[in-house]
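Please read all numbers here as calculations on a predicted model, not as lab measurements. Within every chain, numbering begins at 1; the chains are lettered A, B, ... in the order of the sequence lines, protein sequences first and strands thereafter.
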2 protein chains.
Amino acid sequence: MLTPIPVTELSRMKHQPPLAARSEQLAPRMQTSEPEAFLPASVPMNFGRNAEIYAEDETAGYVYKLISGVVRISKLLPDGRRQISAFHLPGDMFGFEVGDLHHASAEAVGSVKVVAFKWHSLLSATASNDFVHELLNRTMIGLRQTQDHLLLLGRKTALERLAAFLLELAERSGQDSQDSVLDLAMPRHDIADYLGLTLETVSRMFAELKENGTIRLESARRVHMINMDKLKAMAA
Amino acid sequence: MLTPIPVTELSRMKHQPPLAARSEQLAPRMQTSEPEAFLPASVPMNFGRNAEIYAEDETAGYVYKLISGVVRISKLLPDGRRQISAFHLPGDMFGFEVGDLHHASAEAVGSVKVVAFKWHSLLSATASNDFVHELLNRTMIGLRQTQDHLLLLGRKTALERLAAFLLELAERSGQDSQDSVLDLAMPRHDIADYLGLTLETVSRMFAELKENGTIRLESARRVHMINMDKLKAMAA
DNA sequence: CGTGGTTTTGAGCCCCTTCAACCACCGTGG
DNA sequence: CCACGGTGGTTGAAGGGGCTCAAAACCACG
């Protein structure tokens, strides 16, 4: 089991956001046989809302395992258009790259706790073959999810996209029963940039789902999934 | 950062003489003894135009290395809408999946030669660590390309998409000099399903690039790249 | 030459965007 | 206690980029 390591010099890295000062608590303990169980130096880190964990084209030195909160991975065009390629939930790993530069940026959607691992030590000659298999497996799962997202962006309508998004979140956060409640960590603008839409369209599609009777909005961020089967049918 | 693994024995394998499509016989003996050390059964196969190499949801038993021709990887929605997630060129490997089912289908765009490897034998306990690294590297490269494609599908205009597509093909087939000629293996409909457009829009964008003076169409499938820098500027 | 598949071009329309106004919520401070 | 500003969300009106439907042109191959 991983022993929580006190915040070290890494915590003074340039990306540590100012408001991380109030969150000096230790990372929660983990109860798994996951990769970090046999890995070298791990460093808990905290990030505040919208804090940058790493930037596109920045040198990639660390791999991150998300403990709590939500992280968005995004790319920007020169004129500011943004595409979010993934939202990461607790348990996900991110930040490993081919080559030595990050190919997209990672930002905290809300408050985020991660554990950072030195990347090159993970794949050193002494590293376990099991870990490479684990990493391959996670990468292949990520590739599969990204290919699904290609189909969504290339071929689905706005309503289908939002329905698929809500179902994806519900499934990933373990809420797949009827009438479950879904708490959205991210604002409409992030949802829009994930679904390849504008935030206004996202808002209108929420309204349409509401009128359809498939969801109920307790607040903008709190969604009741009333008719999961109908949602699935609408996700195409 | 994953250092690029030098091309392994797998990549050096000579392509076998053509056999009948979907041949069940074993490959002839290799000239070197290394390949069979960790690549037991390799089978050369040929496919004709639009032939299915494997289908979505089919049991995944083989990994394929493309020798010649172009392969498209695609997913279908129930109503027939199609998204092509990748075109594979000679040298590419495809067909490895997490889980035991193919998550997308693979079809030959034109005439195709591949070598098929039994999947399970590649990742067995006795399999070379180098091969797992190579596979991880290829998967991560594929993930990076797919994330780039998300940005294209989610945020780029039709003209930007076609410009980016032509540049991608030119780069991948090694034609990055000025006034190079690009032979498109795929019809407009495939380009459209790759770029998330209709074939009519693709045709119109070709016309627009022609009028821009960035390309010249010797025929519908043969593109002269006249102004590569302008193309790059247009790809956003 | 026909013939079928592919590509181009045209005309009208629609889904989503753009632009804009308004509202809801919330922590802060007078 | 309420005014205040700021962030985030909703709603409306109008426009446009790409789609749909349609037809013609092109092209390889019998």
Side-chain angles (χ1 to χ4, degrees), chain A residues 19 22 48-51 70 72 77 79-83 107-111 152-163 165-166 183-211 215-223 234 236, chain B residues 48-50 72 77 79-83 109-111 152-163 165-166 183-211 215-223 234 236:
Chain A
L19 47 112
R22 68 157 178 196
R49 205 166 68 117
N50 293 326
V70 175
R72 60 172 177 261
L77 287 175
D79 63 0
R81 283 174 287 176
R82 183 179 67 155
Q83 179 64 41
E107 294 149 353
V109 171
S111 273
L152 181 146
L153 292 179
R155 290 303 181 208
K156 290 189 180 175
T157 67
L159 193 60
E160 291 167 344
R161 294 180 200 201
L162 184 58
F165 172 71
L166 292 175
D183 280 293
L184 304 176
M186 67 291 293
R188 296 287 186 268
H189 187 252
D190 281 0
I191 299 176
D193 283 349
Y194 180 61
L195 299 180
L197 302 168
T198 61
L199 64 91
E200 294 96 330
T201 299
V202 169
S203 182
R204 279 183 251 268
M205 295 305 109
F206 266 111
E208 197 163 332
L209 288 180
K210 213 167 46 179
E211 284 153 24
I215 66 169
R216 190 170 63 83
L217 289 183
E218 182 178 331
S219 73
R221 303 289 188 97
R222 180 167 275 254
V223 185
M234 297 177 61
Chain B
R49 202 166 72 116
N50 293 326
R72 60 172 177 260
L77 287 175
D79 63 359
R81 283 174 286 174
R82 182 180 66 155
Q83 179 63 42
V109 171
S111 272
L152 181 147
L153 292 179
R155 289 305 180 206
K156 290 189 180 176
T157 67
L159 193 58
E160 291 168 343
R161 294 180 199 201
L162 184 58
F165 172 71
L166 293 176
D183 279 293
L184 305 175
M186 67 291 293
R188 295 289 186 268
H189 187 253
D190 282 359
I191 298 176
D193 283 350
Y194 180 61
L195 300 179
L197 302 168
T198 61
L199 65 91
E200 294 96 328
T201 299
V202 169
S203 182
R204 279 183 252 266
M205 295 305 109
F206 267 111
E208 197 163 332
L209 288 180
K210 212 167 47 179
E211 283 152 24
I215 65 169
R216 189 169 64 81
L217 288 183
E218 182 177 330
S219 72
R221 303 290 187 96
R222 179 167 275 251
V223 185
M234 298 178 59

**Request:** Using the test side-chain hydrogen bond (donor to acceptor under 3.5 Å, both in side chains), find all partners of R72(A) that sit at least two apart in sequence or belong to another chain.
**Result:** N50(A), E107(A), D190(A)

**Complete:** Sorted by chain and number, sequence neighbours left out, side-chain hydrogen bond (donor to acceptor under 3.5 Å, both in side chains) with E218(A) holds for H224(A)

**Request:** Determine: side-chain N/O of R49(A) to OP1/OP2 of dG8(D), distance under 4.0 Å, yes or no.
**Result:** yes

Under the rule for side-chain contact (heavy atoms from CB on, under 4.5 Å), what residues qualify as partners of [X], not counting sequence neighbours?
X	answer
L217(B)	R188(B), F206(B), K210(B), I215(B), V223(B)
S111(B)	none
T201(A)	A158(A), L197(A), T198(A), M205(A)
R49(B)	none

**Message:** Across nucleotides 16-30 of chain D, 5' to 3', mark each nucleotide with B, S or - according to how protein heavy atoms within less than 4.0 Å reach it.
**Reply:** --SSBBB--------

Nearest-Å distance for atom pair [atom1]/[atom2], residues [X] and [N]:
X	N	atom1	atom2	result
R188(A)	dT10(D)	CZ	C1'	9 Å
H189(A)	dT7(D)	NE2	P	14 Å
R221(A)	dG8(D)	CZ	P	7 Å
L217(A)	dG9(D)	CG	C1'	11 Å

**Prompt:** Side chains of D193(A) and R155(B): does their closest heavy-atom pair fall under 4.5 Å?
**Reply:** yes

**Fill in**
Output for pair (K156(A) NZ, L77(B) CG), nearest 0.5 Å, gives 5.5 Å

**Message:** Please report the interatomic distance CG(L184(A)) to CG(L166(A)), rounded to the nearest 0.5 Å.
**Reply:** 6.5 Å

**Request:** For the helix from dC1(C)-dG30(D) to dC26(C)-dG5(D), figure out the bend between the end axes, five pairs an end, and round to 10 degrees.
**Result:** 30°

**Item:** Any residue meeting salt bridge (Lys or Arg N to Asp or Glu O under 4.0 Å) with R222(B), in chain and number order, not counting sequence neighbours
**Value:** D183(B)

**Message:** Applying salt bridge (Lys or Arg N to Asp or Glu O under 4.0 Å), can you list everything that pairs with R81(B), at least two apart in sequence or on another chain?
**Reply:** E160(A), D79(B)

**Fill in**
Span of DNA chain C engaged by chain A, first through last nucleotide within the 4.0 Å heavy-atom cut-off, is dC16(C) to dA20(C)

